[in-house]
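What's counted below: heavy atoms across the whole structure, side chains too, no hydrogens, waters or symmetry copies.
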Amino acid sequence: MEKPRYTNKKTGGRDRRPYPKDRPGRTGSAFAAMEQLESRETAGDAGLIEGRNAVWEALQSGRQLDKILIAQGAQNLGHILAAARAAGVAIQECDRRKLDKLSVTGAHQGIMAQGAAAEYKTIDDILALAAARGEKPLLVLCDGLTDPHNLGAIIRSCEVLGGHGVVVPRHRSAGLNAACAKAAAGALEHLPVAKCANMSTAISELKEKGVFILAADMGGQAAASIDFDMPCAIVIGAEGSGVSEGVRKAADLTVSIPQKGAIQSLNASNAAAILLYEAVRQRG
């Protein structure tokens with residue numbers, strides 16, 4: 001008779017107890033800790049500030065925050081949320097269980113803040129960088145891009161290909177969290193990223209300063225036929241849905257990338273890299 005791998009001394013038979021990671025109530029086990037760490041890394045939530053007082057003090061000190069997460073139904077947070085809105089920090093309501101998974105201390109009190117991996121700049125900072133280099137501005141505007149890895153890849157491409165900055169909206173956008181910083185591979189140290197109230201505001205401001213707006217769209221003119229040798233901003237839309245209708249209408253021109261394959265679209269960061277390269281190629 002084959003000897004069982006695990007023997008229960010009382011019964012002499014195979015031990016049917018589940019492995020530690022499957023046992024209920026074993027939240028302090030190595031398996032649970034590993035799963036919690038993986039959850040935080042997947043979400044890109046390094047640099048979390050937990051608890052009401054900690055978040056309040058972070059806001060009062062002027063620390064750069066990417067967003068604030070609050071549990072549904074959390075009470076007595078009015079003063080914190082008001083300060084966050086005044087500072088232009090995005091606020092996201094979510095299930096309390098999400099905060100429980102992200103929490104390291106286990107005492108988040110229904111609120112967390114996610115610190116920015118780099119300091120946000122302004123559109124003027126981006127234009128000043130172009131002027132300092134004696135170059136025509138070249139920017140990327142991210143319209144509703146929610147994947148931090150895509151945002152990080154765009155920042156990386158923009159820096160490598162000689163762009164001057166990236167602009168993201170305050171809401172419905174990926175921010176400068178740990179996942180974005182990792183994908184950017186150091187580019188955040190050299191390229192300014194500006195946060196604006198919304199894309200329409202950013203486009204209006206850039207137009208007033210003589211920047212031509214080019215929205216990436218499958219129905220636009222071929223990139224090679226467009227003059228990129230001028231102050232311009234390339235708008236890259238959300239994953240799946242593309243550039244929003246309002247932004248498309250506000251743009252001066254729509255630009256497309258010729259495609260010969262069977263599928264109909266490119267990843268957002270790949271499209272940005274191709275259009276940035278076309279701009280660099282034309283500018284010599």
- [ ] Using the salt bridge (Lys or Arg N to Asp or Glu O under 4.0 Å) rule, collect all pairs that involve residues 193-208, keeping only residues at least two apart or in two chains.
- [x] Glu205-Lys209, Lys207-Asp252
Task: With Ser200 via side-chain hydrogen bond (donor to acceptor under 3.5 Å, both in side chains) - residues at least two apart - done: none
Task: Residues that, via side-chain heavy atoms closer than 4.5 angstrom, fall in one hydrophobic cluster with Val211 - done: Ile123, Ile126, Leu127, Leu139, Leu141, Val167, Met199, Ile203, Leu206, Ile213, Val235, Val243, Val247
Open item on the list: For the CD atom on Gln75, are there more than 12 heavy atoms of other groups (residues, nucleotides or ligands in this structure) within a distance under 6.0 Å?
Closed with: no
Task: Partner residues of His79 under the ring pair (Phe, Tyr, Trp, His ring centres under 6.0 Å) criterion, sequence neighbours left out - done: Trp56
TODO: Could you tell me which residues satisfy salt bridge (charged side-chain N to carboxylate O under 4.0 Å, His left out) with Asp95, sequence neighbours excluded, listed by chain and number?
DONE: Arg97
Give every donor-acceptor pair under 3.5 Å between a side-chain atom in residues 61-69 and any protein atom, sequence neighbours left out.
residue	atom	partner	partner atom	Å
Ser61	OG	Glu57	O	3.3
Ser61	OG	Ala58	O	2.9
Gln64	OE1	Tyr120	N	3.2
Asp66	OD1	Tyr120	OH	2.7
Asp66	OD1	Leu176	N	3.4
Asp66	OD2	Gln114	NE2	3.1
Lys67	NZ	Gln92	OE1	3.1

- [ ] Return each pair, listed once, that meets side-chain hydrogen bond (donor to acceptor under 3.5 Å, both in side chains) where at least one residue sits in residues 274-284; pairs must be two or more places apart or across chains.
- [x] Glu278-Arg281, Glu278-Gln282
Task: Results of salt bridge (charged side-chain N to carboxylate O under 4.0 Å, His left out) for Asp217 - residues two or more places apart only - done: Arg248
Open item on the list: Rounded at 0.5 Å granularity, tell me how far CZ in Arg96 sits from NZ in Lys101.
Closed with: 15.0 Å
Task: Contact check, side chains of Asp100 and His108, non-hydrogen atoms, under 4.5 Å - done: yes
Without placing hydrogens or testing angles, list every side-chain donor-acceptor pair under 3.5 Å for residues 219-229, not counting sequence neighbours.
residue	atom	partner	partner atom	Å
Ser225	OG	Ala222	O	2.7
Asp227	OD1	Asp229	N	2.8
Asp229	OD1	Lys136	NZ	3.2

Open item on the list: Looking at Asp143 and Ser244, would you say the former's side chain and the latter's main chain have a donor-acceptor pair under 3.5 Å?
Closed with: yes
Open item on the list: Please report the interatomic distance CD1(Ile236) to CG(Asn150), rounded to the nearest 0.5 Å.
Closed with: 10.0 Å
- [ ] First locate atom SG of Cys94, then atom CD of Gln72, and finally report the distance between them rounded to the nearest 0.5 Å.
- [x] 7.0 Å
Open item on the list: Determine whether Leu214 and Thr254 satisfy the following criterion, side-chain contact (heavy atoms from CB on, under 4.5 Å), listing intermediate values before the conclusion.
Closed with: CA-CA 5 Å; Leu214 302 169; Thr254 55; over 6 Å; no
TODO: Calculate, to the nearest 0.5 Å, the distance between atoms OG and CE belonging to Ser256 and Met218 respectively.
DONE: 8.5 Å
TODO: Kindly compute the distance separating CG (Asp125) from CD (Glu119), expressed to the nearest 0.5 Å.
DONE: 8.5 Å
Task: Between Ser269 and Asn267, a side-chain donor and acceptor under 3.5 Å - done: yes
Open item on the list: List the residues meeting side-chain hydrogen bond (donor to acceptor under 3.5 Å, both in side chains) with Thr201, not counting sequence neighbours, and say none if there are none.
Closed with: Asn198
TODO: Without swapping roles, check the side chain of Arg52 against the backbone of Leu77 for a donor-acceptor pair under 3.5 Å.
DONE: no
Open item on the list: What verdict does the side-chain contact (heavy atoms from CB on, under 4.5 Å) test give for Cys142 and Leu151, after you've listed the backbone C-alpha separation in whole Å, the side-chain angles of each residue and the deciding distance to 0.1 Å?
Closed with: CA-CA 8 Å; Cys142 297; Leu151 176 59; 3.9 Å; yes
TODO: Would you mind listing every side-chain hydrogen bond (donor to acceptor under 3.5 Å, both in side chains) that reaches into residues 165-174, with sequence neighbours excluded?
DONE: none
Under 3.5 Å, which donor-acceptor pairs do the side chains of residues 152-165 form with other protein atoms, sequence neighbours left out?
residue	atom	partner	partner atom	Å
Ser157	OG	Ala153	O	3.2
His164	ND1	Leu138	N	2.9
His164	NE2	Glu135	OE1	2.7

